[in-house]
2 protein chains.
Amino acid sequence: MRKTKQLKLLLNEFNQKEDAISIVELVNKFSDKMNKTTVYRILDRFEKEGILHWFIDNDGLKRYAKNKKKSNTKEVHPHFLCEDCGTTSCIPINIKLPSIPEYIIKTSEHFLTGQCKKCLS
Amino acid sequence: MRKTKQLKLLLNEFNQKEDAISIVELVNKFSDKMNKTTVYRILDRFEKEGILHWFIDNDGLKRYAKNKKKSNTKEVHPHFLCEDCGTTSCIPINIKLPSIPEYIIKTSEHFLTGQCKKCLS
DNA sequence: CATCTTGTTGCAATTTAGTTGCATTTATAA
DNA sequence: TTATAAATGCAACTAAATTGCAACAAGATG
């Protein structure tokens with residue numbers, strides 16, 4: 001991957017905050033810095049490189065978040081949307097893949113909503 | 001709710017098969033029987049009546065499935081997409097809401113992929 | 001340092017899911 | 001049978017995401 005200035009801007013964004021960020025949010029934030037197509041493509045590359053992972057949130061919007069360790073396997077942890085502050089974040093707990101009789105489970109997405117610790121304190 | 005022929009067609013569809021059906025699928029299947037707007041609106045009514053519930057699948061598509069019992073509260077059970085046969089279904093097990101320290105959990109969506117029992121046997 | 005190669009970007013056009021307003025139709029209660 | 005409110009069809013619209021192609025620029029090579 002070439003270190004273009006657009007790539008650096010996006011990478012920096014994910015290094016600044018831990019939250020999961022929606023593509024729409026990024027496209028708007030950087031609308032004067034880069035084309036929306038570029039945002040989509042860079043995020044796509046980041047995912048393939050194992051830097052980010054993504055999931056579909058409650059609204060059907062795609063969100064990206066940083067991986068803890070570089071890996072190409074999708075991380076298995078819940079994603080949480082706070083109804084109060086609106087931030088979506090990865091919950092750093094290991095969810096054990098549920099075992100269902102007669103099924104083979106390969107991937108698991110867990111999406112939660114409620115109130116986060118910041119908004120409760 | 002009036003028993004229109006469009007409503008009966010859709011209701012029949014959900015009575016025929018247990019699987020979760022995407023709106024897109026229904027719009028295509030009944031494109032010569034009713035307008036797509038009608039599909040959206042009838043499904044919306046079914047949900048308000050507690051006949052169906054919905055969730056966003058892996059692709060960001062809205063899917064509807066029958067409720068076991070009539071209720072207006074969202075059911076808490078995992079949804080499963082079989083990679084082989086492509087069907088999405090409700091897994092009839094009770095998922096206990098995960099408890100996360102310092103968080104209040106209100107809703108929980110669990111989306112799984114893998115292979116279903118039909119495809120394994 | 002200059003130049004070449006190819007990965008990357010911008011732009012415009014397109015696709016697709018989902019929504020809205022309004023005129024018309026139809027289920028059903030009176 | 002008729003009135004009326006609910007439901008439908010249609011066309012236009014919004015918004016997310018994708019695609020093709022020409023232009024650009026990172027960084028490797030000489």
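This one's a predicted model, so the numbers in the text were calculated from it and none came from an experiment. By convention in this document, chain letters (A, B, ...) are assigned in the order of the sequence lines, proteins followed by strands, and residues within each chain are numbered from 1.
In summary, A:Glu13 and A:Lys33 do not engage in a salt bridge, as defined by a charged side-chain N under 4.0 Å from a carboxylate O. Look at A:Lys118 and A:Glu18 and you find no salt bridge, because none of the NZ, NE, NH1 or NH2 atoms lies under 4.0 Å from a carboxylate O.
For B:Phe46, there are no ring pair (Phe, Tyr, Trp, His ring centres under 6.0 Å) partners at least two apart in sequence or on another chain. Listed by chain and number, the residues in a ring pair (Phe, Tyr, Trp, His ring centres under 6.0 Å) with B:Phe30 amount to none (sequence neighbours excluded). Take B:Asp57 and apply the side-chain hydrogen bond (donor to acceptor under 3.5 Å, both in side chains) test, not counting sequence neighbours, and it matches B:Arg63.
With a cutoff of under 4.0 Å to any heavy atom of chain B, the contacted region of DNA chain D is bounded 5' to 3' by D:dA5 to D:dA11.
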Item checked: nucleotides 14-25 of chain C: protein proximity per nucleotide (B base, S sugar-phosphate only, - neither; heavy atom, under 4.0 Å) -> ---SBBBB----
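Interatomic distance, A:Leu7 CG to A:Lys5 NZ, rounded to the nearest 0.5 Å: 12.0 Å. Here the straight-line distance linking atom CD of B:Glu83 with atom CG of B:Leu81 works out to 7.0 Å at 0.5 Å rounding.
A 4.5 Å side-chain heavy-atom check between B:His53 and B:His79 finds at least one atom pair inside the cut-off. Looking only at side-chain heavy atoms (C-beta outward), B:Cys116 and B:Ser89 stay at 4.5 Å or farther from each other.
Looking at B:Asp84, its side chain never comes within 3.5 Å of a backbone N or O of B:Gln115 through a donor-acceptor pair.
Near DNA chain C, meaning a heavy atom under 4.0 Å away, the residues from residues 2-22 of chain A are A:Arg2, A:Thr4, A:Gln6.
Toward the 5' end of DNA chain C, the nearer of the two residues A:Ile42 and B:Met1, judged by each one's closest nucleotide, is A:Ile42.
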